There are 2 protein chains.
Amino acid sequence: MRNIVLIVEYDGTDYCGWQIQPNGVTVQQCITDILCAIEGKPVQLNGAGRTDAGVHSRGQVANFFTESRIPADKYRAALNSQLPESIRIIKSFEADADFHPRFSAKKKTYKYYIRNSDFSSALTCRYEHTVSGKLDTDKMSLACKYLIGEHDFASFMASGSTVSDTVRTIYEADIAVDGSLITFTVTGNGFLYKMVRLIVGALIEIARGKFPPEHMLDLIEKRQKATLAAPAKGLFMHSIEYR
Amino acid sequence: MRNIVLIVEYDGTDYCGWQIQPNGVTVQQCITDILCAIEGKPVQLNGAGRTDAGVHSRGQVANFFTESRIPADKYRAALNSQLPESIRIIKSFEADADFHPRFSAKKKTYKYYIRNSDFSSALTCRYEHTVSGKLDTDKMSLACKYLIGEHDFASFMASGSTVSDTVRTIYEADIAVDGSLITFTVTGNGFLYKMVRLIVGALIEIARGKFPPEHMLDLIEKRQKATLAAPAKGLFMHSIEYR
């Protein structure tokens with residue numbers, strides 16, 4: 001059995017997220033359906049992480065096992081020729097048998113795009129959350145520093161998750177400003193359900209002056225609950241680093 | 001009567017171009033319908049240039065005359081609140097009575113995006129023409145130089161146009177390469193019907209080695225007819241400069 005790995009880029013706008021579910025079209029479903037047809041038998045496709053409905057990806061990692069003799073790098077073209085344009089396999093290759101997209105992952109990086117403008121862009125509105133009014137990006141940068149390190153991020157986990165260990169390590173969290181576009185980049189060893197979007201929600205409230213940058217520390221330390229999740233459309237699973 | 005000018009950004013994917021036509025939704029129609037409702041009477045909206053179905057814009061310029069007392073800069077928000085997300089007014093302001101988007105234009109700049117890759121991008125495929133195989137961008141750059149200056153571009157005018165004076169001046173024509181993305185930028189005093197897409201079609205044939213860079217000169221001087229128009233999706237009306 002060979003272990004085939006896929007790097008998957010997708011525009012999540014029209015999908016009910018990554019994970020197969022009974023109602024609605026998902027990215028995992030689209031790829032699995034084609035793989036099953038290629039292999040002529042059921043295929044179990046594992047993803048590195050579930051992305052919610054509307055969340056995008058530049059670097060989702062998935063794997064499946066096969067006994068076929070199709071060269072690993074040929075799966076890319078074979079899948080792309082049948083996938084909708086909004087899902088692309090950007091790489092396919094063979095990995096060691098013990099490689100698992102989720103369990104072997106060391107670091108994951110997400111990016112969130114905020115357009116600080118009175119109006120959204122006709123060209124990039126699918127990939128940005130537009131926020132009007134003055135946002136203080138210096139305060140956002142200060143607030144980001146509190147995220148770095150090992151913390152219990154229970155206050156940044158949306159209800160509906162059954163995860164019990166809520167301690168995660170954040171290696172990098174920062175803001176980059178390019179004109180009216182604010183990009184939040186966060187790298188960690190793992191993320192809780194809606195954690196990035198809840199962090200971004202808090203950052204926006206801080207940037208608006210509703211709370212000082214130290215509010216981020218309050219949320220982490222005092223176990224206040226972050227309640228404002230930024231919308232899915234601005235979020236990208238950017239890349240995953242492996243051992 | 002005040003002369004109100006709009007700068008319009010749009011994703012042309014779902015429109016039958018700029019110009020109002022009997023069958024199909026156009027950008028001019030969408031804006032005109034809302035303006036008529038705001039003004040309570042018929043409004044004639046003039047654009048700087050017709051863009052074809054599927055062509056995008058970052059800087060279409062349009063104007064209309066009004067006797068209303070709505071401040072010029074308020075038209076932006078008023079229109080954006082009712083327009084589909086794929087059309088945005090990025091600026092609205094008052095101009096002199098004799099300003100005309102088309103006749104007052106001095107220079108127009110178009111950009112065309114080519115993704116040189118075996119597969120399109122899930123995230124940017126609406127805005128790029130994907131071309132597989134090796135493209136020689138040095139040859140494209142050389143070919144661009146033949147475009148600069150005043151020439152009769154009759155060989156770069158698609159059939160269906162009634163324009164008789166086919167002489168145009170190109171001030172700038174160049175290629176920029178960023179990874180697998182090739183951006184063609186062209187600035188001129190005006191462009192014939194499908195001229196930019198026919199130029200890009202020729203550039204792609206040159207980049208593939210089908211013709212040498214001098215082929216561009218042949219097309220201009222010998223009045224050979226350019227026949228391969230690159231698809232609309234890669235083309236952007238980028239900006240317009242006025243006297």
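Since this is a predicted model, take the numbers as computed values, not measurements. In what follows, chains are A, B, ... by sequence order, proteins preceding strands, each numbered from 1.
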Please check if any side-chain donor atom of B/Ser180 sits under 3.5 Å from a side-chain acceptor atom of B/Arg115, or the reverse.
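Short answer, yes.
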Side chain to side chain donor-acceptor pair (under 3.5 Å) with A/Thr51: which of A/Tyr15, A/Trp18, A/Tyr10?
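The side chain to side chain donor-acceptor pair (under 3.5 Å) with A/Thr51 is passed solely by A/Tyr10 among A/Tyr15, A/Trp18, A/Tyr10.
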Top contributor to chain A contacts, counting heavy-atom pairs under 4.5 Å, from B/Ile90, B/Ile87, B/Asn80:
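Heavy-atom pairs under 4.5 Å are most numerous for B/Ile90.
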Quick one: sort the B/Phe236 and B/Tyr127 rings into parallel, tilted or perpendicular, breaks at 30° and 60°.
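Rings of B/Phe236 and B/Tyr127: tilted, 30 to 60°.
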Which one wins on heavy-atom pair count under 4.5 Å against chain B: A/Ser81, A/Cys125, A/Pro84?
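Heavy-atom pair counts peak at A/Cys125.
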When only pairs under 4.5 Å are counted, which of A/Glu85, A/Arg126, A/His56 shares the most heavy-atom pairs with chain B?
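Ranked by heavy-atom pairs under 4.5 Å with chain B, first place is A/Glu85.
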Between A/Leu203 and A/Cys144, is a side chain to side chain contact (heavy atoms under 4.5 Å, CB included) present by the stated rule, with each step listed?
CA-CA 8 Å; A/Leu203 284 173; A/Cys144 282; 4.1 Å; yes
